[in-house]
Protein chains: 2
Amino acid sequence: MTSLDDVAKAAGVSAATVSRALSGRGNVSTSTRAKILKVAAELDYVASSAASSLASGRMRNLGVIMPELHRWFFNTVLTGISDEATSAGYDVTLYNVTGDPEVRREIFSAFLRRRRVDAVVVVALELSEWEELELKRLGIPVVIIGGTSGTLPGVAIDDLAITELAAAHLLDLGHEVLGFIGGAERFDADYKVPSQRREGFDQALRRRGLQTDPALIGEADFTIPGGFHAARQLLGMPGTGMTGLVAASDEMAIGAVLAARELGIRVPEDLSVVGIDGHELGGLFELTTVDQHAQSQGSTAAKLILATVESGGTHPENMDLSFDLLVRRSTAKAPGALPV
Amino acid sequence: MTSLDDVAKAAGVSAATVSRALSGRGNVSTSTRAKILKVAAELDYVASSAASSLASGRMRNLGVIMPELHRWFFNTVLTGISDEATSAGYDVTLYNVTGDPEVRREIFSAFLRRRRVDAVVVVALELSEWEELELKRLGIPVVIIGGTSGTLPGVAIDDLAITELAAAHLLDLGHEVLGFIGGAERFDADYKVPSQRREGFDQALRRRGLQTDPALIGEADFTIPGGFHAARQLLGMPGTGMTGLVAASDEMAIGAVLAARELGIRVPEDLSVVGIDGHELGGLFELTTVDQHAQSQGSTAAKLILATVESGGTHPENMDLSFDLLVRRSTAKAPGALPV
DNA sequence: CCCCATACTGGAAGCGCTTGCACTCAGGAC
DNA sequence: GTCCTGAGTGCAAGCGCTTCCAGTATGGGG
């Protein structure tokens, strides 16, 4: 293993100068730097991260805490974070907080405290008070994506507004009896997005002087099968007059489309379905959705927090992210509605 | 930040003894250890990973190299690895090798060489000769999941056999004209699984004295939309007599089921479809599949390589993983076939 | 011509652990 | 009672970098 000293000797300078030349901190003459760079390349030198970290306190490592990896939102955000971190020269250490509370506790009380990361991004995790405290105690920048925290900075879409937009799209098309499939408390207990989205739906109706019909609210776990079962139940009820359905995630919306097909209900002729996410499968199902640009949420958060780290800051700004209605073919004018 | 010395002072022993007590290496009397543990807990001491790594050469960190995170196989394997690593007290550092060759090169030539990880698991990546060399040069254990390497140890299913099993299931049901949807060279160029699976399909037919009909081979990229389009084309051809379809992944199989539905082809009455994977969505589509236990591939590989690390070994054993036929309702006896 | 920034560079002191070595002290074998 | 063994402990030397500080040129200003 070639070390800093090897490079220093080979280049005929001191270790200090090599360090300065390679890290770019401090002054080194152009010619000396050039020679050091050349020698380092020849010797194929790569600095030991442990030594460098110990001496400098900088880890060049970004921690990411996630509750799961299967659902589209999570792995998409992670991809965004990873790409951004890599291009900034940072490693990413993944802490997959499973359902096991022991493990979860352990991650906050031990893993994170080894000071292996310069910053951490928390994805869609509702943190307990104790967990927020632990995070703050780390003394490093933290940013939350798609979750909420009273005291930690976050990068997020406005879940209420995004759902209101989805519902408003249906209302604009003349639909008056809308159903909704969202989360239930029994799923995702530590994740507030579901209730926000539900609230957005209600608000959209309220704004038009309509009222939410509790019978048309389905509950599911944000997955395709979940949406399928919830939709089948909703669509199976006779005489509801429902012509539009808002799903709080694209996966549930896709499940709903599948359920409609199974029941012989045509989309969009008989039922308009709109989702939220911008899931990559949306295209296949011609799903109208509100794209929340998940990958860019990841890269934005990473960029933000890495900038904070590099600038020696500790508290990045909060940031509201954009979303766009993406109209495809799963939504259409309500039957009998007046032309828009 | 409380340090080892703080604990040592508070416990009235030397730093060396604290280190031994906390790490479990070397002899410490039961009473001394108990006191140290108590003091450490009180002071809320957590060792600095950088210092510990620098001094010991151990990182307690497992590197994972993956080409993507979206597809089910990858995030499922990653979940398995992460769970296992966490419970062994290891962090996992994720290297998401994107399509960009620059980035890929950088990961092998710089990121991995910082010696931040004790071992690395490579997931479904066909490595170039140079990359294998770089990996070996790291001097740490490496294991490959779902890829192939002449010289690096791997944990994998037999892709040929798993596909043969899927096809044999259809043949056993009396189907004689089978289609296949697999990978194409233009997708996944650096990933040999597709060709292995194709070969397994051919072999199953050959064993029964049948021949692969090139017209019934569809090409796709292992995703649902890919499978959908390939199947639509296959199923749209008139007069093929095809009654069974093998897809090289569950996602493609699901796409095929959707395509069949769209074309008014009933599954399984008119067409039996079998996939490979054990994808979580399989249940919703009643998909018969061969489960390759992806999550346990991840945990098995992690367990294997961490054991190798802890034992000071360098080269874990190769390991062949099991798979099971999981019969659901997407496959049935061929129309007019004799009772089995 | 002298003085003093300014630009470079090297020396050396850590960063916070781990571990080889030396030492003490018992207890068991003779 | 003597010798040996091994458990238990502390000392101190690193691990391979970073960075503060001091020292040496160099060049411009006065």
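Sequence lines set the chain letters: A, B, ... in the order given, protein chains first and strands last, and positions in each chain run from 1.
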Report, one pair per line, the protein and nucleotides 18-21 of chain D atoms (nitrogen or oxygen only) whose separation is under 3.5 Å.
residue: D:dT18; atom: OP2; partner: A:Ser19; partner atom: OG; Å: 2.3
residue: D:dT18; atom: O5'; partner: A:Ser19; partner atom: OG; Å: 3.4
residue: D:dT19; atom: OP1; partner: A:Arg58; partner atom: NH2; Å: 2.5
residue: D:dT19; atom: OP2; partner: A:Arg58; partner atom: NH2; Å: 3.4
residue: D:dC20; atom: N4; partner: A:Arg20; partner atom: NH1; Å: 3.4

Legend entry - Lys/Arg cation over aromatic B:Phe108: B:Arg104, 6.0 Å, 45° cone: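 Here B:Arg104 fails the 6.0 Å and 45° test against B:Phe108.
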
Taking atom [atom1] of [X] and atom [atom2] of [Y], what is their separation to the nearest 0.5 Å?
X	Y	atom1	atom2	result
A:Ser128	A:Arg105	OG	CZ	9.0 Å
B:Asn61	A:Asn61	CG	CG	7.5 Å
A:Glu102	B:Ser87	CD	OG	12.5 Å

Legend entry - Donor-acceptor pair between A:Thr308 and A:His315 side chains, under 3.5 angstrom: no

Legend entry - More than 12 heavy atoms of other groups within 6.0 Å of B:Glu317 CD: no

Legend entry - Atom NZ of B:Lys136 with >12 non-hydrogen neighbours under 6.0 angstrom: yes

Legend entry - Upstream residue (5' side of DNA chain D) when B:Leu54 and B:Arg33 are each assigned their closest nucleotide: B:Arg33

Inset, instruction - Verify, without hydrogens or angle tests, whether B:Thr86 (side chain) and B:Ser82 (backbone) share a donor-acceptor contact under 3.5 angstrom. - result: yes

Legend entry - Interface limits on DNA chain C, where chain A has a heavy atom under 4.0 Å of a nucleotide atom: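 Nucleotide range with atoms under 4.0 Å of chain A: C:dC8 to C:dG16.
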
Legend entry - Protein-nucleotide distance (B:Asn27, atom CG; D:dA7, atom P), rounded to Å: 5 Å

